[in-house]
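Residue indices begin at 1 and follow the sequence shown. One-based numbering, in listed order, for ligands and for the atoms of each. Just so you know, these numbers use all the heavy atoms, side chains as well, and skip hydrogens, waters and symmetry mates.
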Amino acid sequence: MNMNVTNRLLFSCCIAGAALSLGGMSQAGDETLPVEEAVLVAPPLVPPPITRKRPAKVIVNVTVKEYTAEMTDGVEYTYWSFGGTVPGPFIRIRQGDLVEFHLNNDPGNQLPHNIDLHAVTGPGGGAAASFTAPGHSSQFSFKALNQGLYVYHCATAPVGMHIANGMYGLILVEPEAGLPKVDREYYVMQGDFYTVGRYGEKGLQPFSQEKALDERPDYVVFNGAVGALAGDKGLTASVGETVRLFVGNGGPNLVSSFHVIGEIFDRVYIEGGDRISHDIQTTLVPAGGSAITEFKVDVPGTFIIVDHSIFRAFNKGALGMLKVAGAEDKLIYSGKERDDVYQPEGQVTGIAKTAPPARTGALSKAEQMKLGEQIYSRSCYACHQSNGEGLAGIFPPLAKADYLLSNIDRAIDGLIKGNEGPMVVNGGTYNQIMPPQNLNDEDTANVMTFILNSWGNEHDAVSPERVAAVRSAGAH
Ligand SMILES: [Cu+2]
């Protein structure tokens, strides 16, 4: 798929020659090329594959926009972007194309910006040539010498801050023969964000230079915000289809361990180049780098897309979803086949199926709250979050949760037996699995008391006797 080296050398020498005789590269033989305007679409979608068999002159028009939008519930951030989305538009061209790039800086913006495309062979990747003040437009041209999936980003000082605010995207230079056909293509780009307030702290959050220097992000996200690819905004596919993910990492600092839970990448174009590795679980995507992953989806379900540096996924936002619809194939994946009691001889489990140990007397509500909080931070908080707000589309909120507060025994039963199947909590639909919590009656009562009296919830204490009653009513 690569032009061989001799060819490439010859090629650049011809361009240099033409530039000399014509006195300007923009006239370097492009008269003979057909001219077309690049199709740009917002992430996570990508423009259609290129069907042309010959090079063209492709005109790309991108407008820089500074705007404020939601990073997560109740948290706003002022993004700087290419095209008004983070990441910026996916640009799709073919090896050998001549690109005429127009960078427009919206008159409403505060700052100058530029673009460094890693697909460019030339100083700064176009940065100096594209430096543009608000209300101006710059033009430069480049020949796409190498195929591959490349990052582009702003490179205006302070560079780190421009990237940290969301100024990055991907440009695909298709090989001359094109990429193999697949059923679905999506565009996923990771970025780390640094805010003065901690994760989830409400309000408009300014950029934190200090945390950026320390490489201590509050948010690590796909496509610019927590949940940008989750719930209703998840990627979709059907059983039997092939999926290609164009994956990029804008950084500015972190390297991504890109993984799709429950899938194996059949093929990975490592670092976005032409080397293909097969049967990959997790692929590294460097800051300012990319990868293309391809896989066939064989069974239905929700496949969670993560940075497998896993605290980033469950605590900082690097979590997306691929929802696959279609018929089950129990030979590929059975689902749970059995759940038996496992009790090695002579050991006592935490499950109080028999009489609870003798107690000296009932605890006060305050004591229950204290013990319940400990259990919560040990057993529940990873999913339902420290503030009880859950994660939209994945883990339902417990704070002011209508579903929970409307039926306490159902919630107790869920702690004992686990929760699954769809539930609607505060208007959001959840259809995931919560494993049984394996807590004894006291611990269940305490944690229930804690969640029913925290984060704005108010309720009576739940007694161990009530838990025991639910347990025996549910036991068959
Ligand atoms: Cu910029």
Side-chain angles (χ1 to χ4, degrees), residues 38 40 42-43 59-71 76-91 99-120 122-142 150-171 187 189-196 204-213 215 217-225 228 248-254 286-290:
L40 302 178
I59 299 177
V60 179
N61 244 294
V62 173
T63 302
V64 174
K65 290 196 175 120
E66 301 165 4
Y67 64 97
T68 298
E70 203 163 70
M71 173 69 76
E76 305 231 289
Y77 192 77
T78 299
Y79 294 92
W80 300 348
S81 76
F82 292 102
T85 56
V86 177
F90 193 92
I91 304 168
V99 176
E100 182 184 291
F101 203 102
H102 297 258
L103 189 70
N104 315 312
N105 193 344
D106 192 283
N109 291 345
Q110 307 286 318
L111 296 151
H113 299 282
N114 65 9
I115 192 165
D116 166 352
L117 299 120
H118 293 178
V120 167
S130 61
F131 185 82
T132 311
H136 286 248
S137 173
S138 297
Q139 177 188 331
F140 69 103
S141 299
F142 69 92
Y150 296 94
V151 167
Y152 64 80
H153 62 87
C154 182
T156 302
V159 178
M161 186 174 175
H162 283 252
I163 297 178
N165 285 344
M167 297 198 75
Y168 42 75
L170 291 177
I171 173 168
Y187 172 20
M189 196 158 183
Q190 184 168 323
D192 25 303
F193 287 85
Y194 304 82
T195 52
V196 170
L204 178 62
Q205 288 295 332
F207 166 74
S208 166
Q209 169 78 2
E210 193 191 330
K211 288 181 184 170
L213 272 175
E215 305 190 7
D218 302 281
Y219 298 89
V220 183
V221 297
F222 297 122
N223 291 12
N249 186 0
N253 289 320
L254 301 188
S290 71

Indicate whether the side chain of Asp106 and that of Thr63 have a donor and an acceptor atom separated by less than 3.5 Å.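 There is no such pair (donor and acceptor under 3.5 Å, judged by atom type) between the side chains of Asp106 and Thr63.
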Tell me yes or no: between the side chains of Asn165 and Tyr77, is some donor less than 3.5 Å from an acceptor?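 Yes, because at least one side-chain N or O of Asn165 sits under 3.5 Å from a partner of the opposite role on Tyr77.
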Among the N, O or S atoms of His113, which one sits nearest to the Cu ion (ligand 1)?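 Atom name of the closest N, O or S in His113: ND1.
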For His162, what is the atom name of its N, O or S atom nearest to the Cu ion (ligand 1)?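 Per the distance ranking, His162 contributes ND1 as its closest N/O/S atom to the Cu ion (ligand 1).
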Could you tell me if the ring centre of His118 sits under 6.0 Å from that of His153?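 Yes, the ring centres sit under 6.0 Å apart.
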Taking the side chain as every heavy atom from C-beta outward, state whether Val64 and Met167 have any atom pair closer than 4.5 Å.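 Yes - at least one pair of side-chain heavy atoms lies under 4.5 Å apart.
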At a threshold of 2.8 Å, where the distance has to be below it, does the Cu ion (ligand 1) have an N, O or S atom of Met167 nearby?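 So Met167 counts as coordinating the Cu ion (ligand 1), yes.
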